[in-house]
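Working notes for the structure below.
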Amino acid sequence: MQTVNTLRMLRTALAQLRVENATIALVPTMGALHEGHLTLVRRARSEADHVVASIFVNPKQFGPNEDLDAYPRRLAADAAMLEAEGVAVLWAPDAAAMYPDGFATNVSVAGVSDGLCGAARPGHFDGVATVVLKLFNQVAPDMAFFGEKDFQQLAVIRAMARDLDLTRPHVDAIIGVPTVREADGLAMSSRNRYLSPEQRAAAAVLPRAMQTAAAAIAGGTGAAEAMGALETELIAAGFTSIDYATLADAASLAPLEVLGAAPARLLVAARIGGTRLIDNIAINPAA
Ligand code: AMP
């Protein structure tokens, strides 16, 4: 595996990979890797000849009072994990390489960015879209892998890819990968390491409460009632606040009050102390 941190080095490394129509898959990350990230890498390896992984803690997607400085950085350990998974190139620029002096462009995907995490974290999805578009231009991958863990992010990237012709027409080259969970159901996240043992135990209530709410909604309970019960359960378990708990159309992310015929998603963002956890699950209409 080659680890590169300048665009010039990246281009040289990519030129070595791009021979005889070899395909390249991109797996963007912010590092502090866990099994969720490695599952993306394994999927990417199974579908492309070469995998380029990126590690960049993107300042543009953090708000002024968020955890940019505290975000875990473990480049050496991450690189060893990626190398063991057969990644060809690790692209690990610093902020000055990604955003040189005078950088002035912002990419904003209206609509799908607006609610949920976009409402709770103003500017977050502009930061995500801007860096992901740059990564696409830098790497020019044939396909790219993203986790359903960040369901709204995946929707934003799909919309941007469609709008800006990032991928070939009629080819779904933005590939979503189901959320990888701990044994007790908690979605794996780099931020889980912020949790104290007591908070970690409380966090496991989130996926359980979401399953309960999903079953109620699938059985005909309205979203407001099911979400009210879910919020009560989270607060009782030790969560300190809930940013949102929403039933939404799985494609548009528009909020729903009752489950219809179309696929729906239950999405939650909630805080335990200073740690913000997000999760989402599918809700399928009863057969
Ligand atoms: P991050 O490093 O948090 O920006 O995540 C990098 C990529 O890994 C994103 O596409 C995430 O959606 C994905 N990811 C993070 N956690 C998980 C997980 N538990 N399961 C599947 N994918 C994940």
Side-chain angles (χ1 to χ4, degrees), residues 25-47 51-63 66-68 70-75 77-79 81-82 85 87 90-93 95 98 112 116-117 121 124-136 139 141 143-161 166 172-195 200 203-204 206-207 210 253 265 267-269 275-282:
L26 171 66
V27 180
T29 82
M30 298 204 301
L33 302 180
H34 50 65
E35 275 297 308
H37 298 111
L38 298 184
T39 301
L40 265 58
V41 168
R42 288 176 201 134
R43 269 292 301 279
R45 274 219 71 194
S46 74
E47 297 196 24
V51 177
V52 175
S54 63
I55 295 182
F56 180 61
V57 182
N58 175 30
K60 288 196 186 299
Q61 70 188 69
F62 288 77
E66 294 185 353
D67 57 343
L68 174 63
Y71 201 84
R73 289 161 171 87
R74 311 183 319 159
L75 189 62
D78 289 347
M81 291 163 84
L82 294 172
E85 295 294 341
V87 167
L90 168 55
W91 169 220
M98 190 61 93
V112 73
L116 305 169
C117 284
R121 305 179 68 188
H124 170 68
F125 287 118
D126 286 13
V128 169
T130 301
V131 81
V132 171
L133 179 58
K134 281 179 66 76
L135 290 167
F136 264 83
V139 176
M143 62 193 93
F145 291 77
F146 296 89
E148 290 183 350
K149 161 78 173 25
D150 299 279
F151 198 77
Q152 190 177 12
Q153 167 173 285
L154 179 57
V156 168
I157 290 163
R158 285 206 163 111
M160 174 176 73
L166 286 193
D172 185 9
I174 308 293
I175 298 163
V177 178
T179 301
V180 179
R181 296 178 180 279
E182 303 285 359
D184 63 4
L186 180 65
M188 290 191 184
S189 166
S190 305
R191 291 189 167 100
N192 290 351
R193 69 188 68 214
Y194 297 153
L195 300 170
R200 172 63 188 80
L206 175 60
M210 290 175 68
L253 299 186
R265 207 88 189 171
L267 303 108
V268 179
T275 304
R276 184 174 185 275
L277 301 178
I278 60 171
D279 201 351
N280 67 88
I281 55 173

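Atom set for the values below is all heavy atoms of this structure, side chains included, hydrogens, waters and symmetry mates excluded. We count ligands from 1, going down the list as the structure has it; atoms in each ligand are counted the same way.
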Ring pair (Phe, Tyr, Trp, His ring centres under 6.0 Å) involving F136 - partner list, sequence neighbours excluded: none

Those protein residues which place at least one heavy atom below 4.0 Å from ligand 1: P28, T29, M30, H34, G36, H37, L40, Y71, F146, G147, K149, D150, Q153, P178, T179, V180, M188

Whether the side chain of N192 engages the backbone of A187 through a donor-acceptor N/O pair (distance < 3.5 Å, no angle test) should be reported. yes

Quick one: closest heavy-atom pair of R191 and T275, and the distance? O-CG2, 3.8 Å

To the closest 0.5 Å, what do you measure between CD (Q61) and SG (C117)? 11.0 Å

Backbone N/O of V112 and side chain of Q152: donor-acceptor pair under 3.5 Å: yes

Can you check whether L75 reaches L90 side chain to side chain, under 4.5 Å on heavy atoms? yes

